[in-house]
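One structure is given here, and the rest of the page talks about it.
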Amino acid sequence: MPEGHTIHRAARDHERALGGQRLAVTSPQGRFDVEKLLGRADRVKLKRVEAYGKHLFYVFERGRTVHVHLGLFGRFYRRKSPPPPPRESTRMRLEGESVTIDLVGPTACELITPKKKAEILARIGPDPLREDSSPQPFYDYLARSKTPIGAALLDQSVVSGVGNVYRAEVLHLLKIHPSTPARALSRGGAESLWTLLVGLLRRGVEEKRIVTTHGLALAVPRKRVPRAESVHVYGRRTCRSCGGDVQRFLQRARTAYVCVTCQPYVDAG
DNA sequence: GCGGTATGCCTAA
DNA sequence: TAGGCCTACCGCG
């Protein structure tokens with residue numbers, strides 16, 4: 001689940017469900033140091049939840065901030081309060097008045113200092129889901145880098161929030177082969193790429209899953225797209241657009257998916 | 001029950 | 001580049 005859309009959706013949902021409340025925070029698994037957050041109190045008030053790329057920040061009273069990164073396996077489970085007993089693997093449980101959020105399997109779940117937060121934000125590139133992000137650094141990087149565009153899209157310091165599914169899908173929609181050197185893209189091409197990422201990620205936030213088919217407009221009511229039709233090439237053996245073979249290869253240690261018909265490699269020199 | 005796989009990312013070499 | 005870490009699920013038998 002966790003590309004940028006999952007993170008932003010969690011921030012929105014969790015802030016709405018728990019923001020302004022005094023939460024009972026526990027770590028059934030024991031690997032999250034609850035006392036550091038709670039001190040001697042038994043509850044702590046959550047002020048807001050922020051999302052940057054794939055990072056979440058739970059901001060509590062007195063500026064105490066919990067950083068969460070889901071990694072590949074992390075997941076949230078939402079329960080009604082009072083919640084059922086947690087599964088053993090639950091790293092952090094946030095129990096509010098009517099909603100309880102359980103966090104399982106994250107790469108990171110820790111109380112952080114303002115300095116640490118600043119360091120995290122300093123090392124990630126613009127996030128297409130944030131209104132306050134400027135794509136300029138993304139354009140600048142692409143314009144001068146020989147890095148394959150498919151590798152650049154997974155580099156969180158270049159653009160944040162994009163993961164392996166969006167990488168495959170956005171490049172397919174633009175008919176770009178992942179091995180194309182970044183700087184072979186025109187400025188217009190780079191702008192199209194950013195705009196498409198914004199659109200697809202926003203759609204992902206609304207639908208709570210990645211859907212890149214059945215038109216790109218964020219039209220209001222739309223029919224639920226069946227799972228098998230939600231992507232063009234990611235995880236597929238044949239291209240949903242043309243029926244041609246989808247080729248797989250490793251790029252930046254992740255499986256890249258390419259329709260060799262729709263996305264022929266063009267050596268731009 | 002086991003092994004493989006996954007939408008991530010860090011570190012050592 | 002390889003290995004490690006985190007967890008759930010699925011197909012196999």
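Throughout, protein chains are lettered first and strands after them, A, B, ... in sequence-line order, and every chain is numbered starting at 1. As a basis for the values below, the full set of heavy atoms in this structure was taken, side chains included, without hydrogen atoms, waters or symmetry mates.
Rounded to a whole Å, the CG atom of A/D102 is 11 Å from the P atom of C/dA8. Between A/R254 atom CZ and C/dG3 atom C1' there is a gap of 15 Å when expressed in whole angstrom units. As a whole-Å value, the separation of A/L171 CG from B/dT7 C1' is 15 Å. To the nearest angstrom, C1' of B/dT7 lies 12 Å from CG of A/L201. When rounded to the nearest whole Å, the span between CD1 of A/I124 and P of B/dG8 equals 15 Å. Distance, A/L153 CG to B/dC9 C1': 17 Å, rounded to whole Å. Between the NE2 atom of A/H69 and the C1' atom of B/dC10 there is a distance of 11 Å, rounded to whole Å. To the nearest angstrom, C1' of B/dT7 lies 17 Å from CZ of A/R203.
Side-chain N/O atoms of A/T6 include none lying less than 4.0 angstrom from OP1 or OP2 on B/dT7. Within the 4.0 Å cut-off from OP1 or OP2 of B/dT7, not a single side-chain nitrogen or oxygen of A/Y166 is found. Put simply, A/R91 has no side-chain N or O that comes within less than 4.0 Å of OP1 or OP2 on C/dC6. For B/dT7, the OP1/OP2 oxygens have no side-chain nitrogen or oxygen of A/R75 closer than 4.0 Å. Considering only side-chain N and O atoms, A/Q29 lies under 4.0 angstrom from the phosphate OP1 or OP2 of C/dT7. A close approach under 4.0 Å does occur between a side-chain nitrogen or oxygen of A/Q156 and OP1 or OP2 of B/dC9. Contact annotation: A/R87 reaches the phosphate of C/dA8 (side-chain N/O to OP1 or OP2, under 4.0 Å). Distances shorter than 4.0 Å separate none of the side-chain N or O atoms of A/H5 from OP1 or OP2 on B/dT7.
The CE atom of A/M92 lies 8.5 Å from the CG atom of A/L37; values are rounded to the nearest 0.5 Å.
Using atom P as the reference point in both C/dC5 and B/dA13, the two lie 14 Å apart (nearest Å). If you take atom P in B/dG1 and the same atom in C/dC6, they sit 23 Å apart, rounded to whole Å. Distance noted for atom C1' between B/dT7 and C/dT1: 22 Å (whole Å). The C1' atoms of C/dA8 and B/dC10 are separated by 22 Å, rounded to the nearest whole Å.
Proximity note for A/F73 (side chain, C-beta onward) versus C/dA8, C/dT7, B/dT7: the nearest is C/dT7. Side chain of A/K54, nearest nucleotide from B/dT7, C/dC6, B/dC9: B/dC9. Which of B/dC10, B/dG8, B/dT7 sits closest to the side chain of A/R123 comes down to B/dC10. Of all nucleotides listed (B/dG8, C/dA8, B/dC9), B/dG8 comes nearest to the side chain of A/L72.
Between A/F138 and A/W194, the ring planes lie tilted relative to each other; the angle falls in the 30° to 60° range. Ring geometry, A/H55 versus A/F57: the interplanar angle falls under 30°, so the pair is classed parallel (tilted spans 30 to 60°).
Taking a 6.0 Å sphere around NZ of A/K117, one finds it holds more than 12 heavy atoms contributed by other residues, nucleotides or ligands.
Within the nucleic acid shown, A/R31 comes within 4.0 Å of sugar-phosphate atoms alone, with no base atom in reach, counting heavy atoms only.
Between A/E61 and A/R43 there is no salt bridge, since no side-chain nitrogen of the basic residue lies less than 4.0 Å from a carboxylate oxygen of the acidic one.
Counted by atom type alone, A/T147 and A/Y141 present one or more donor-acceptor pairs between their side chains at under 3.5 Å.
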